[in-house]
Each structure stands twice: as structure tokens, then as C-alpha cells.
There are 2 protein chains.
Amino acid sequence: MSDQRLYHSVAARIEKLIEDGSYPPGSRLPAERELAAQFGVSRVAIREAEIALQTLGRIRIKTGSGAYVLDGANGKDEQLPDVSAFELTEARALFESEAAALAAAQIDDETLAELDRYVEIMANTDGHDAAGEKADHDFHRTIAGASGNAAITYVIETLWKLRDELEPVKAVYESVCSEDVGARATEHSEILEALRARNPSAARTAMRNHFTRLLKAMLDETEQRELEELRRKTSQSRERYLKSVAI
Amino acid sequence: MSDQRLYHSVAARIEKLIEDGSYPPGSRLPAERELAAQFGVSRVAIREAEIALQTLGRIRIKTGSGAYVLDGANGKDEQLPDVSAFELTEARALFESEAAALAAAQIDDETLAELDRYVEIMANTDGHDAAGEKADHDFHRTIAGASGNAAITYVIETLWKLRDELEPVKAVYESVCSEDVGARATEHSEILEALRARNPSAARTAMRNHFTRLLKAMLDETEQRELEELRRKTSQSRERYLKSVAI
DNA sequence: CTGAACAATTGGTCGGACCATCTGGGCCCG
DNA sequence: CGGGCCCAGATGGTCCGACCAATTGTTCAG
């Protein structure tokens, strides 16, 4: 349990005290000397632990006054929200299609060539390939970047991160992406052509179509899965029923 | 420049050495005793700085071996992007208007009443008031939430955070928001009425107008500021010129 | 009752000391 | 000559005691 570093375990103990409510946000922690005595460690260890906690934004140390517990919300590094794959896709449909429209208005030939390469890669890989996955990401990222708006790029990148880091969402995406590779290629080509034509409206539509298809595929997939789940449960209960009547 | 805490400035100096390329990722930092002598501080200060850097994920300390620079990518986890106030506002205009459109389609009376309260608060406070500021945030947050899509809510909240945490952006927003409080109130009312009418298209337009006005105000404000800056520089150079000819 | 000076508390920094661990190189054995 | 073992030096880990500086609560003079 001890993380080798003494200050680590001390920090953990202090954090626990905070979590327990012994020291609610805004309250003052005991003095360093006091904590040192209480924990049976040196003042240096306490100090190091408090520096780590301060760096993490859990407490605030005021010279000559004491260490104060900050509002927990600041501390815990922005937990990811509870977002379903459908919500994510809907959001992406909305935002990325707008980004595509903006991009169409000002994209340059070099960027178009880059997108060509990504489409090429995706055409030559199948669903589960990591390279294809990366090309997909790059394709969307590049279009977002071509919007010329860093905030939009940031948002789209943030959503992509959600997709990768939320396990349930990731699972849905993977199962959906692995099939219908052909559709993906076609749609990406259509988006690319709309961009090449510098047609914002067409780009928006093409991007929206892409996500709409994805959303539908997800719904189908989910429905399918739920059906199987239902069948499985049914057969289970049937077995149990048969067993019970057999007794 | 010194952040009061010695270990802070020491950490900054070490970080600078890393940034400068003196210690590329994977390389070992000088020994604590050595750095202490080099910086003219005690070993404790070095140690505290390294603990802070380790907590931030910039370095890895290995007992009996040394402190190693980690790959920068891991360390700076999601640093805020370099976004201008204009970009942010453009992005918000796009995203929040879509959120408003979605919200209009399914908002309930209770939420409308909540929005009423926020508008009321904003009407009774002036630009610099914290309560008005909060009501503004709550107003937008609530509409985002009414979209029924957690991903969209998350994105809008993320953008709001950018607004609050990027100093230059914050400055622009504050200077713009403090004036034209009347316009803000009017626009928010219009948004609210469109929502109350359950008219997605009107809600989208109203929200977009709100941000368009904001964007214009920002442009004006910035232009104004740049004019002043120019005037200041001009008068400076004029002084210098006059001085030089006086010699 | 008010305000200024004081004293206790508390964090900030230092130097030195000792221990545990790791690393590299030399030594011994095969 | 080569490989594995072992030890000494280097390095981080922890502690102690001391002193400084900022803060804060108290006390006392006006």
C-alpha cells in the first residue's frame, strides 16, 4: 500500500481525512508540526505531502497561516461526463458538420491533398486496423483544423477523446466501425469532394450524412445486441423453467 | 517574478532547462545536491520542486538513481489550447445556437421558469456584478442542459471554462460585457421567448444573434484598444523624435 | 473603545546527518 | 578470456534541529 515514497502515503492519509469530512472545504488543516507528530513522521514529509496536494489543487498553503482545504470540485481532475455513444455522435454530427462548412470556405490545396492521403489509407485498410482508425481520426482532425478556428478544433478533439476514453462508447464505436467499411469510405470521399468544390453547404450535408448513417448503424447494432441479450435471458429462464418442472 | 515559494521558482527554472532542450525527455537531471549547489538553494528546495514536477507528471524520480524527464506529451495533460476570444465566440455561436434549437424542441415549463429567474437576476445587476455573471453562465448552461444531450452540455461547459481560464480571453469578455448590459438583457429575453414558443429555428437565430452582437462588440472594443495602443506608440516615437532633433 | 505594539503560532528555508537503494566497475572463479 | 558476484560510491529518502518571516490573536496604552 505504501507507494515507496513516504510523502505519498502521507498525502493519501491527509486526503482521506479530507474525504472523510474531518476537514471540509475551507477549513484549516492542523499545523505541519502537529500533523508530523500525529502521523509519526518528520515535518519534511508532511511538507512534501502538502506540496503534492497543493500541486494537485486540493489544498492551498498560506504562509504563516496554515493549509486550507480547497473546494473538491477543483481538485479532482475533471472527470469525464457520462455520455452515451448516441449523444456523442449527435454532438459530433452537429459540430463537425459546421466545422466542415467553415473549412470548405477556406481550405487550401495542400490540406486537400492531405485529406486525399487519409481517404486513401482508409480505403486500403479494414475496420479493425489501427492505421485505418488513425487515418479516420486524422481526417476529421484535419477538417476541424481547416475551419481555422482553434476553439472548434479543440472541441472536436475533446469529443474524440471522449470517444476513446469512455469505455462503453468506445465499444459501440468499434463494433459499428468494423462493419460497413465501404460506407465509411464512400462518405469520406463525398465530404472530401464537397470540400474540394469549396461548397460549404454540401460539406455540411456530407458530414451530417456521415454521422447520420453512423447513428443509424449504432441504433441497429444496439437493437441487435439487445435482441440477443433478450434471447439469451429468455433461453436461460426457459432452461430454469424446464429444470423446475422436471423436478 | 518569484512566486513567494522558493520551490516554485526552482521548479520553474528546472522546467525551463527541460524546455530549452538541455535535458530532453528520457535524460537524467543532475543530482539533487548538484542542482542545490548550482541554484544556490538547499537540497530541500530542489526536492520540493522535483516533487511538484513529479506530481505534474513532468519528471519521474527513481530512488537511488535520479530524476528523469518524462515525455512532454504525457506530462502536460490537456493544457488549454491557444484560443482567441473571437474564435471562442464564433465556436459558441455555432454550438450554443444548435443547442438552443434542440432545447426548444423539448424544453419543459420548469426549466423555462428557471431561465426566467436568471434573466430576472441579470436584469437587476450591472455588468461587473458577480451574481449577474453567474446568472449569465447559468442561463447558457441550463439551455445547454435542456438540449438533452450530455455531450453537447459538456462541450459548452468546456468552452465556458476556456472563457474563464484563458486570461486574455477573460479580459476581452469582461471589458465587453461590462458595457451594453441592456443589449444582453434584451437578447437573453429573445432567446427565452423563442424557447418558450418551442420554436427551434427562432431559438437558433436568437442565440446566434446574441453571439453575433457579442462578436461585433469585441471587434469594436479591440479596434478601439488597438487605436489607443497605436496612439500611445505614436506619441512615444514622437517624443523620441523630438528629443533626438533637440540634441 | 480604538489602535498600535507585542508575542505566539505557523509556514519557509537551511545545513547536516544517516539510511536504503541503485549503478558501475573491479575482482574472483570458471 | 569471459561471465557472474560483490562492494564502494553516487543518489534519492527521511529525519532533526535551528532560524527566519509572515500571520494572527492578544494586550495595553491612549
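Below, read A as the first sequence line, B as the second, and so on, with proteins coming before strands; counting in each chain starts at 1. Worth saying up front: this structure is predicted, and the values here are computed from it rather than measured.
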**Prompt:** Of all the choices, D/dC15, C/dG12, C/dT10, which nucleotide is nearest to the side chain of A/L6 once you look at every atom?
**Reply:** D/dC15
Measure from [atom1] on [X] to [atom2] on [N] and round the result to the nearest Å.
X: A/E32; N: C/dG12; atom1: CD; atom2: P; value: 6 Å
X: B/R33; N: D/dT14; atom1: CZ; atom2: P; value: 14 Å
X: B/R60; N: D/dT11; atom1: CZ; atom2: C1'; value: 15 Å
X: B/I46; N: C/dC14; atom1: CD1; atom2: C1'; value: 13 Å
X: A/R43; N: C/dT10; atom1: CZ; atom2: P; value: 11 Å
X: B/I51; N: D/dG12; atom1: CD1; atom2: P; value: 12 Å
X: B/I61; N: D/dT11; atom1: CD1; atom2: C1'; value: 12 Å
X: B/E48; N: C/dT13; atom1: CD; atom2: C1'; value: 8 Å

**Item:** Whichever of A/A45 and A/T63 has its nearest DNA chain D nucleotide further upstream toward 5'
**Value:** A/A45
**A/Y154 vs B/T158, side chain to side chain donor-acceptor pair (under 3.5 Å): CA-CA, chis, key distance, verdict** = CA-CA 10 Å; A/Y154 176 67; B/T158 301; over 6 Å; no
**Asked** Taking the six-membered ring of A/Y23 as reference, does the NZ or CZ atom of A/R28 fall below 6.0 Å from its centre and within a 45° cone about the axis?
**Response** no
**Prompt:** How are the rings of A/H140 and A/W160 set relative to one another: parallel (under 30°), tilted (30 to 60°) or perpendicular (over 60°)?
**Reply:** tilted
**Donor-acceptor pair present, B/R47 side chain and D/dG12 base, under 3.5 Å** = no
**Prompt:** Any donor-acceptor pair under 3.5 Å joining the side chain of B/R5 to the base of C/dG11?
**Reply:** no
**Request:** Pick out which of B/E157, B/E133, B/E174 makes a salt bridge (Lys or Arg N to Asp or Glu O under 4.0 Å) with B/R163.
**Result:** B/E133
**Message:** Go nucleotide by nucleotide along DNA chain C from the 5' end; which of A/E50 and A/V44 gets its closest nucleotide reached first?
**Reply:** A/E50
